[in-house]
Amino acid sequence: MAKPLAQEFFKGLWDEVPPFRLVLGLCPVLAVTKSVENGIGMGIATTFVLVCSNVLVSLLRKAIPSKVRIACFIVIIATFVTVVELVMQAFAYPLFLKLGIFIPLIVVNCIVLGRSEAFASRNGVFRSFLDGLGIGIGFTLSLAVLAAVRELFGTGALTFWEKPIPIFGPSFQPFSFMIEAPGAFVCLGLLLCIMNLVGKK
Amino acid sequence: MREMIKMVVVLTILSCFSGGLLAYIHSGTKERIENQVLEFVKGPAIRMIFEGATNDPIVDRFQIKDGDIERTFFVGVFDGEPRGIAFETSGKGYGGDVGLMVGIDVKENKLLGVGVTTHAETPGMGAKAQTDPNFAAQFRDISLEDPINVNQDGGNINAISGATITSRAVCAATNEANDIYKEFKDQLDDQLKSFKK
Amino acid sequence: MVEQKKLIVSHAPFWHSGSRVTERNYHTIFAALPAVLLGFYYYGMPAVGVLCLSVATAILWELIINLVSRRPITIGDGNAALIGLLFGMLLPATMPWWAVITGTFIAIVIGKQIFGGIGSNAFNPVALAVAIMMVSWKDLFDFDSMLLNYDLEFATVYPIAAAKYFGAQGVISFNLWDLFMGRQIGGIGTTFGLGLFVGGVYLILRGFIRWEISLSFLAGVYITAFIFHLFDPIRFISPAYHLLTGYTIIGAFFLATEDSSSPVNVIPMLIYGAAGGIMTVLIRNTGAYVDGVILAILVINLIHPLLDKIRPKALGKVV
C-alpha cells in the first residue's frame with residue numbers, strides 16, 4: 001500500500017465515483033434524485049455514515065473476528081444510520097419527509113458495506129477516513145448532477161429551500177417524464193454512457 | 001473455543017456501544033423531533049386557525065386523557081386572553097380517514113376554523129379540502145349550537161364540487177370535535193386559566 | 001416411400017435475392033407516402049415542416065450517435081429516415097419544433113441505438129418515443145386543441161376523443177366512408193385509412209411485413225370493440241369506428257409489424273397481433289388515455305420474447 005494519501009481521497013471523485021464507476025448503491029440514486037435538494041441531502045447523510053463507519057471499522061479491524069465481521073459491520077453501520085435519521089428528524093424535518101424510507105435504507109447501501117469490507121478492514125484509520133470522505137463526496141456530487149439534470153428538464157427550474165430558480169424561462173414546457181421513475185433509469189444510463197465516453201479518451 | 005468467546009465478547013461490546021449511543025441521541029433529540037412533527041404536520045393547519053394569535057400555539061399545548069387515548073389540545077392566545085383551543089379529530093373520507101384540526105372559541109362557543117392535516121383523498125378533487133381556502137373559510141365563526149352539514153344534507157356548507165364525501169367527512173369531524181369539546185369543557189377551562197398572561 | 005422435403009444446402013456460387021435492409025426501409029417509406037401526401041394536402045405547410053424536421057433530425061441523431069460511439073455510419077440504410085417519417089406521421093401538424101427534436105432523440109437514441117442499433121431494439125422506437133411524449137406533454141397530443149385553428153372541409157373533432165367523452169353520441173355525425181377516406185382530424189399521416197391500407201397491402205404482397213400480425217391486430221380490435229358495443233351500445237362506439245379512427249390502421253400495418261420487436265412464427269404472430277388489438281380497445285374504452293394503440297404496441301413488444309418460445313419442434317430432437 002504505497003499509494004499517496006491524496007490519491008485515496010481523489011479516487012472517490014472520479015476513478016471510483018460510486019454510481020457511475022462502481023455502479024453501486026443505485027437504489028437511492030434512482031429514487032431520491034427528483035430534486036437537487038433531495039440528492040444533496042441524501043449524499044450528505046450517506047457521506048456521514050461512510051466516514052464514521054469507515055473510521056470505526058478501521059479502528060476495530062484487529063479486534064473483529066473474521067467470522068462475524070459482516071455482523072459487526074452491520075451493527076456499526078446501522079448505528080450511524082439511526083443517528084443520522086434522528087438528527088435529520090430533529091433538525092431538517094421537511095427533508096426527512098421527502099427522503100422518507102431511503103434514510104434507513106442507507107444500511108443496505110452497497111457502497112457503505114462495500115467500503116467497510118473492501119477498504120476499511122484492511123487499512124489504517126486515516127486512510128479509511130480519506131477513502132470514506134472521498135467516496136462520500138463523489139456520491140454526493142453524482143447525486144447532485146443526476147438530480148440537477150432530472151429536475152432541470154423535468155420542471156424547468158432548480159428548487160432550493162422552496163424557492164424555485166427558473167432556468168429555462170416561462171415558455172419551457174416541463175418534460176415530466178424525467179422526474180418519473182423510468183426517466184431516472186434513462187437519465188442514469190445516458191450519464192453512465194457519457195462518463196464512459198469521457199473516460200476512454 | 002477461544003475464538004468463540006472472542007466473537008461473543010466483541011459482538012456484545014459493539015451492541016452495547018451502539019445501544020448506548022442511540023439511547024443517548026434519542027433522549028437528546030426526542031423533544032425536538034416531537035416539536036418538528038407537530039410543526040410540519042399539524043403546524044400549517046393550526047396557524048391558519050389561530051390567525052392573529054399572539055403566542056406560539058405549538059409550544060402552548062396540554063394533554064387530556066379521553067378513555068384510552070390522549071388528546072393534545074393547542075392553545076391560542078388572543079389579546080392576552082387564552083380563548084382558542086384546537087385539537088384533532090377525524091372523519092371517514094373517500095380514501096380513508098381525513099384528519100381535521102378544529103379550532104374553537106371557548107368564550108363565545110363558536111368555531112374559529114378548521115384545517116385538514118392528513119388525508120388520502122383524490123388529488124384535484126377531495127384534496128381541495130386541504131388546499132382550497134374558500135372551503136375552509138365557510139367554517140369560520142359558526143355557532144356550535146346546531147350540527148354542521150353540507151347543503152345536500154340540509155346544512156349550509158357548500159360541498160367541494162365532485163367531493164361530497166370528503167366534505168361530509170370534514171363536517172362529521174367538526175361535529176365530533178364539538179361533542180368532545182362539550183364533554184371536556186370544564187377540564188379545558190381549568191387548563192386554559194394556566195395560560196393566562 | 002413418401003417424399004419428404006428436406007433442407008438442402010447447395011454448393012457455391014450463391015445468388016443474392018436482392019432483398020436487403022435498405023430496400024425494405026425504402027419500400028416502407030414508399031408505402032407510407034399516400035397517407036403522408038393526403039396529410040400535406042389537408043394541413044399544408046406546417047405538416048410539411050413537421051415531417052421534414054422529424055426525418056432530418058432522426059437522421060442527424062443517428063449520425064451523431066454513430067460518430068460518438070465510433071461505429072460504422074448507418075444513416076444510408078434508411079432506417080433512421082423511416083423512424084423519423086413514421087414518428088412525424090403520428091404527430092399533429094402544429095407540433096412545436098422542440099417537441100419534434102426531443103421525440104426523434106428518444107426514438108433514435110433511447111429507442112434504437114442504445115440497444116445496439118437496427119435489429120436489436122426491444123421496443124418499436126416510434127411507439128416508445130410517442131408514448132414518452134404522451135406521458136410528458138398530454139396537451140400536445142390533444143388533437144382537438146392542437147388543430148383548433150384549421151378550417152377544414154370536415155368537422156375538426158378528433159373522433160376517438162369524442163367517443164371517449166360522449167360515447168356513441170359523439171361519433172354519430174361521422175360517416176364511415178368519410179373516415180376511411182381521411183376526412184377526419186388526427187396525426188399528419190394517420191387519418192387516411194385507404195392510403196395506409198393500400199400501403200400495408202403493398203408491403204404484405206412484397207413480403208416486407210406479415211399479414212398475420214396486421215390481420216390479427218385488426219381482428220383483435222374489431223372483436224373486442226364488438227363485445228364492448230354489445231354490452232353497452234350507448235357508451236361504447238361500434239367496432240367499425242374503432243378500426244377507422246385514431247392510430248389503429250397505421251398501428252396495424254406500420255408499427256406493430258416492426259421487424260425486431262415482433263415474433264417470427266405464425267402462431268406467436270397471431271397471438272401478438274390479437275393481444276395488441278385487445279389491449280388497444282381496453283385502453284380506449286376503460287383506460288385513462290384517449291388512444292391506446294401506442295401503449296398496446298409497447299405491451300405486445302414486451303411479451304414478444306415470451307411468444308417466441310412457442311416454436312415448432314426441432315427436427316430430430318428427442319424430448
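Every chain is numbered from 1 and lettered A, B, ... according to where its sequence line falls, protein lines coming before strand lines.
For the set B:I13, B:V10, B:L21, the entry with the most heavy-atom pairs within less than 4.5 Å of chain A is B:V10.
In this structure A:L113 satisfies the side-chain contact (heavy atoms from CB on, under 4.5 Å) test together with A:F73, A:I74, A:I77, sequence neighbours excluded. The side-chain contact (heavy atoms from CB on, under 4.5 Å) test applied to A:A92 returns A:M88, A:L95, not counting sequence neighbours.
Going from atom CZ of B:F17 over to atom CG of A:L56 covers 5.5 Å, rounded to the nearest 0.5 Å.
The side-chain hydrogen bond (donor to acceptor under 3.5 Å, both in side chains) contacts involving residues 130-149 of chain A comprise A:K11-A:D131, A:T47-A:T140, A:N54-A:D131, A:R115-A:D131, where partners must be two or more places apart or lie in separate chains.
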Quick one: donor-acceptor pairs between chain A and chain B, under 3.5 Å, side chains and backbone, table format.
from	atom 1	to	atom 2	distance (Å)
A:T79	OG1	B:S18	OG	2.9
A:A90	O	B:R32	NE	2.9
A:A90	O	B:Q36	NE2	3.3
A:Y93	N	B:Q36	OE1	3.4

